[in-house]
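Worth knowing before you read on, the calculation uses all heavy atoms, side chains too, and leaves out hydrogens, waters and symmetry mates. None of the values given here were measured: they were computed from a predicted structure.
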Amino acid sequence: MEQLIWYKYKVKEPLNWVGHLAIMRVFERAWRRSGLPVSYSKGFNPRIKQSFGLPLVVGATSDCEYGDIRFNQWVNVRDVQEKLAAAIHPAIEILKVILAPTLNTSLMQSVRYADYQLKVADDAGLGEAIDHFNTQSKVMMVKKTKHHNKEIDAKSLVRQLSLISERTLSMRLQSGEQGTLKPLELLRCLNPALEPVRLHRLAALDSRETELF
């Protein structure tokens, strides 16, 4: 009997300096070490049936990363958490493991918003830039994609933006199929001269703006 498991984890230093594909490989190795009955794809090069949430920007730490894994037989979720935590890299902390509602429920498609804190090197009129942004009905910017550049309304993708200390922004940004704005894209929109120092993802939220689990 196949089983779909969802899990939540933290990413701490120094693994924040590796890319999304490297994190995927860290989990692949951990699942193999765990001895759990993971399911594999078919074909010439079978891969573990796993998927992940929003890719994390290189350099960012996070309290709220999500993934899912399929098993080819039933396993107690408590055993999954214990064995994964024992096998995973110490810079990843497994926070919670739950059973997915159904085998076809997509955790990743539930993500609509993400909360971040972003610290910059120098104030450089940051407060004034935020105030100006928040008072506008539209803020147009050019978003770079793999194949072309397109103009978007950044304001429509920002749910909340504020200054919580002299050099630290708090932001809730839209993420998902309906449009995504990344923290560093918003920073460039505010002031291209601003230099990021530390980025931390606090939460991933659904359409009701509540944490996934």
Side-chain angles (χ1 to χ4, degrees), residues 4-12 16 19-20 23-24 50-68 92-98 100-102 104-120 126-127 129-146 150-165 167-191 194 196-213:
L4 179 61
I5 293 291
W6 292 349
Y7 55 92
K8 179 181 181 181
Y9 61 97
K10 283 186 177 184
V11 175
K12 300 179 283 187
N16 58 314
H20 184 65
I23 293 290
M24 291 175 62
Q50 64 173 353
S51 61
F52 294 87
L54 301 170
L56 193 61
V57 176
V58 174
T61 52
S62 175
D63 288 338
C64 62
E65 298 307 290
Y66 292 90
D68 67 40
I92 291 180
E93 179 182 348
I94 306 302
L95 299 174
K96 194 171 184 178
V97 176
I98 66 172
T102 74
N104 298 317
T105 305
S106 172
L107 173 64
M108 310 322 159
Q109 289 181 358
S110 300
V111 179
R112 290 292 180 271
Y113 303 98
D115 287 348
Y116 299 90
Q117 285 185 359
L118 174 58
K119 185 175 182 180
V120 297
L126 181 59
I130 290 173
D131 289 341
H132 177 74
F133 183 93
N134 285 334
T135 59
Q136 303 303 302
S137 59
K138 285 187 176 183
V139 178
M140 305 307 295
M141 63 169 286
V142 175
K143 184 178 177 68
K144 296 182 180 180
T145 67
K146 288 183 179 181
K150 63 178 181 179
E151 192 174 43
I152 64 167
D153 176 16
K155 185 67 182 291
S156 68
L157 302 176
V158 178
R159 189 68 172 170
Q160 177 271 328
L161 176 64
S162 62
L163 190 64
I164 59 174
S165 70
R167 293 185 290 124
T168 303
L169 302 83
S170 170
M171 57 184 77
R172 175 168 294 177
L173 307 181
Q174 185 171 304
S175 299
E177 296 177 350
Q178 296 180 342
T180 296
L181 184 65
K182 299 176 182 178
L184 299 185
E185 291 174 335
L186 176 57
L187 187 65
R188 289 194 296 270
C189 184
L190 292 172
N191 184 343
L194 291 169
V197 171
R198 183 176 186 273
L199 177 61
H200 184 69
R201 184 145 68 196
L202 295 167
L205 311 170
D206 61 19
S207 58
R208 299 170 297 174
E209 297 186 51
T210 58
E211 290 195 58
L212 301 183
F213 62 85

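D68 and S51 share a donor-acceptor pair across their side chains, judged by distance under 3.5 Å alone.
Side chain of S156 to main chain of D153: a donor-acceptor pair is present (N/O by atom type, distance under 3.5 Å, no hydrogens or angles). Between the side chain of K143 and the backbone N or O of E185 there is no donor-acceptor pair closer than 3.5 Å. No side-chain donor-acceptor contact under 3.5 Å links R167 to the backbone of K119. Counting only distance, with no hydrogens or angles, the side chain of K155 and the backbone of Q136 share a donor-acceptor pair below 3.5 Å.
With rounding to the nearest 0.5 Å, the separation of CE in M171 from CG in L157 is 13.0 Å. Taken to the nearest 0.5 Å, the CG atom of D131 stands 9.0 Å off from the CG atom of L161. Separation of atoms SG (C64) and NE2 (H200) is listed at 7.5 Å; rounding is to 0.5 Å. Remark: R198 CZ to T168 OG1 distance equals 9.0 Å, nearest 0.5 Å.
Side-chain contact between N191 and L126: absent, with no pair of heavy atoms (C-beta onward) separated by less than 4.5 Å. The closest side-chain heavy-atom distance from L173 to V158 is below 4.5 Å. Put simply, the side chain of L186 does not reach to within 4.5 Å of the side chain of L118, judged on heavy atoms. With contacts defined as side-chain heavy-atom distances shorter than 4.5 Å, the pair Y113/Q160 does not qualify.
Taking both residues in full, the closest heavy atoms of W6 and S106 are given as CZ2-C, 4.4 Å, listed atom of the first, atom of the second, then distance. Of all heavy-atom pairs spanning L212 and L205, the tightest one is CD2-C, 4.1 Å. The minimum heavy-atom distance linking L56 with S62 is given by the pair CD2-CB, 3.9 Å. The minimum heavy-atom distance between K10 and D63, with the atom names listed, is CE-OD1, 3.4 Å. Between V139 and C189, the shortest heavy-atom distance links the atoms CG1-SG, 3.5 Å. For A114 against L54, the heavy-atom pair with the smallest separation is CB-CD1, 4.2 Å.
Between F52 and Y9, the ring-plane angle classifies as perpendicular under the 30° and 60° cut-offs.
Sorted by first then second residue, the salt bridge (Lys or Arg N to Asp or Glu O under 4.0 Å) pairs that include residues 200-213, not counting sequence neighbours, are K8-E211, E65-R201, R159-E209, R172-E209, D206-R208.
For H132, the NE2 atom counts as loosely surrounded, since its 6.0 Å shell holds 12 or fewer non-hydrogen atoms of other residues, nucleotides or ligands. More than 12 heavy atoms of other residues, nucleotides or ligands shown are found within 6.0 angstrom of NZ on K12.
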